[in-house]
Amino acid sequence: MSTLLFQNGRVIDPAQGVDRVTDLYVVDGLVVGLGPHPGLTPDRVLDCTGKIVAPGLIDMHVHLREPGREEDETIETGASAAIAGGVTTVACMPNTEPALDTRDAAEFVILQAKRAEQCFVLPIGAVTKGRQGKELAELGKLVDGGAVAFTDDGAPVASAEIMRRALEYTKMFRRKEKFARPVDEFEDRFGKAVLVHAEILELTEGGVMNEGAVSHRLGVRGMPGVAEDIMIFRDIVLAELTGGKVHILHVSTAGGVHLIRKGRKRAEELRRAGKPSFWISGEACPHHFILTDETLTEFDSNYKMAPPLRTQADVDAIIEGLKDGTLSVLATDHAPHAPEKKAREFDQAPNGIVGLETFLPLCVTHLVEKGHLTWPQMIEKMTVNPAKVLGIDRGTLVDGAVADVTVIDPAVKWTIDVTKFRSKSRNCPYHGWPVTGKAVATVVGGEVRMSTLG
Amino acid sequence: MHLLGLEHLSRDEIVGLLDAAVEFVGVGRQVAKRNDLAGKVIANIFYEPSTRTRLSFALAARRVGAETLDFSPSGSSTAKGESFIDTAQNIVAMGVDVVVVRHSSSGAPLLLTKHLKDVSVVNAGDGAHEHPTQGLLDIFTLRQRLGRIAGLTVALVGDILHSRVARSNIHGLTKLGAKVIACGPPTLVPSEVAQFGVEIAHDLDAILERCDVLNLLRVQFERQRGAFFPSVGEYAHLFGMNGERLRRAKADVLILAPGPINRGVEITPDVADCRNSAILDQVNNGLAVRMAVLKRACEL
């Protein structure tokens with residue numbers, strides 16, 4: 001029996017409504033409870049005085065590139081970056097080469113993650129074979145291989161018919177195992193989620209940034225925000241039609257926030273009326289609530305992403321959506337690219353930035369420090385809320401839970417240095433940025449993977 | 001000194017370049033060839049097809065005594081997969097003073113300034129962003145013909161959305177006090193163009209009588225496929241400059257066209273060749289402007 005004590009930290013566990021200074025005991029990889037346990041003698045003590053003890057952070061939106069683009073990232077380097085950033089579980093996107101659209105591909109990810117011995121890595125399967133948008137992938141076999149959700153992320157499911165069928169079909173993939181964490185009946189009703197990369201391709205063809213005043217100034221082909229809004233609307237109404245589970249990835253527009261807010265209200269009304277309802281949730285990535293398209297005037301490809309950086313009005317709407325709960329999930333869209341790929345002409349450089357090692361400090365600095373969210377609100381969006389979207393038994397420190405724990409120094413001020421990243425890639429616009437807050441210990445299944453604590 | 005665009009030049013810098021270009025008019029023909037840039041090497045790196053701009057830069061360089069290197073990606077190491085930056089660095093390593101770059105990607109010249117050392121970059125057109133020497137030569141030509149810029153009403157007619165020539169003209173003309181009207185269908189003249197301090201017009205006939213200068217942008221036929229307008233014929237009907245419209249314009253209206261022109265589309269032959277047209281002056285002035293620009297580029 002091995003016993004780990006997180007001593008005297010401010011334990012914040014939103015799933016249990018806990019926020020108090022206390023001890024947390026872990027025995028053989030499972031949480032045994034908060035408060036003093038006189039009968040237990042710890043083998044290791046982490047002094048968490050002045051620190052926050054939170055459930056291990058979940059980043060449900062990362063690209064690990066393996067297999068196929070190991071020059072950008074591997075499952076091992078990505079999982080190491082996660083640990084450095086305080087993330088104990090990542091869900092990885094299926095836009096690998098080949099696409100993660102088969103059971104063996106899902107099992108390969110899980111095997112590589114076990115070999116890496118860093119964080120948990122949960123595969124997300126493709127909705128369609130080869131992410132081509134033509135035929136459904138073998139979703140049931142993917143579930144058996146460990147896939148926790150489905151998406152063609154990087155590209156939309158352009159066909160409304162295929163999206164509709166995917167939402168219907170995935171309803172049958174209900175939870176089979178018993179969870180340590182409490183599960184709301186509503187959460188459990190809709191099967192596995194389909195994660196939406198919302199983009200009407202006809203409207204974005206050739207586009208490389210947000211369409212607006214800045215793109216017109218720079219003479220760069222833009223992508224209008226409505227290209228995102230239209231598909232968000234489509235998938236919300238398809239969720240209602242099918243009673244399915246829809247999660248909107250990387251929401252970047254004020255219109256998208258508005259539509260999700262309306263959709264959630266509608267789903268709640270149906271639920272209250274005892275009628276068939278549906279799941280709709282949304283996620284925000286740090287760059288979409290920190291940066292705007294004004295950063296692109298130097299044509300720096302580290303600011304190039306999809307969906308693109310938009311306007312201050314969109315940033316404000318996303319922050320509002322985070323505050324009122326419309327956007328229940330924070331995630332990174334960690335998208336590593338080798339340096340030579342980003343050092344190209346702006347319109348030819350690939351989309352995306354790395355995020356795992358800047359996730360927590362950016363959220364602390366730009367959401368908590370600025371007073372938009374409380375610590376428990378932010379942590380909820382990084383733990384139990386993504387766990388609910390994915391339907392996984394993670395995201396809380398309830399008794400019996402797998403002991404994924406992130407200890408956070410809430411006050412430390414430091415400067416982001418991309419040269420220190422454990423990720424293989426350096427495509428990050430925040431080099432040299434001052435930030436507050438940092439993960440000081442990352443514990444996965446009771447194993448201390450990273451700690452700077454005494 | 002780099003020349004990436006007119007947006008970030010001050011009024012005085014623009015006037016300085018226009019004034020400097022005056023003494024280069026006719027150099028190598030009416031006036032003797034010069035040796036201002038003797039010993040300097042100008043590399044023309046053209047990643048996009050170009051006839052007049054490329055020839056104009058090459059001839060301008062030679063008439064002020066510089067040597068030129070010419071690069072285009074077809075049949076080169078680019079076809080073997082070499083990146084834009086690597087290619088430029090290799091050319092510059094041969095001992096180059098100025099890189100003149102044309103590229104289909106907006107921002108490509110700025111990218112070069114971040115990767116090249118001890119060399120000046122001159123933008124010869126990047127995507128739909130800027131084409132500063134074309135903007136300068138257009139402004140130079142109208143100043144030459146009309147004697148002033150401030151107070152003039154200049155209409156840019158056509159595809160503002162995709163036009164680097166339009167952007168450079170707008171930045172230069174507004175700084176020098178001209179009133180600029182951007183005229184074309186809303187698909188090609190979106191409302192965001194108003195941020196440049198220009199008037200937006202969708203009816204050429206309604207603004208004709210007010211214009212001192214009409215600069216007729218080339219219609220790119222591929223835009224028809226993109227549903228920006230239904231047909232070339234309809235474009236000519238609504239926005240083409242023809243003899244009938246010329247009669248309704250001011251008697252001394254100046255006609256410019258950055259070219260290459262599509263006769264019968266944005267401009268009919270009778271207008272292109274009339275006494276109001278300064279199209280061939282533009283070509284000649286382009287040499288003078290580029291000589292001045294290259295000389296400035298060689299100064300630190």
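In what follows, chains carry the letters A, B, and so on, assigned in the order in which the sequence lines appear, proteins first and then strands, with residues in each chain numbered from 1.
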- Message: Closer than 3.5 angstrom, by distance alone: can the side chain of A:Glu345 be matched with the main-chain N or O of B:Ser105 as a donor-acceptor pair?
- Response: no

- Task: Counting only heavy atoms closer than 4.5 Å, note whether B:Leu161 contacts chain A via side chain, backbone, both or neither.
- Result: side chain

- Message: Any non-hydrogen side-chain atom of A:Leu218 less than 4.5 Å from a side-chain atom of B:Ser106?
- Response: no

- Message: Are B:Phe84 and A:Gln348 packed together at the side-chain level, in the sense that at least one heavy-atom pair is separated by less than 4.5 angstrom?
- Response: no

- Under a 4.5 Å heavy-atom cut-off, does chain A meet the side chain of B:Glu7, its backbone, both or neither? side chain

- Are there more than 12 heavy atoms of other residues, nucleotides or ligands under 6.0 Å from atom CD of A:Glu205? no

- Would you name the heavy atoms of A:Thr297 and B:Leu110 that are closest together and state the gap between them? O-CD2, 4.4 Å

- Note on the structure: Between the CZ atom in A:Arg217 and the CD1 atom in B:Ile170, the distance rounded to the nearest 0.5 Å is 13.0 Å

- Message: So, taking the atom named CG in B:Leu4 and the one named CZ in A:Phe299, what distance separates them when rounded to the nearest 0.5 Å?
- Response: 9.5 Å

- Task: Determine whether more than 12 heavy atoms belonging to other residues, nucleotides or ligands lie under 6.0 Å from atom CZ of A:Phe421.
- Result: yes

- Message: Checking the side chain of B:Arg167 only, and the main-chain atoms of A:His216 only, is there a donor and an acceptor separated by less than 3.5 Å?
- Response: yes

- So with a 6.0 Å cut-off around CG of B:Asp203, is the heavy-atom count from everything else above 12? yes

- More than 12 heavy atoms of other groups within 6.0 Å of B:Lys114 NZ: yes

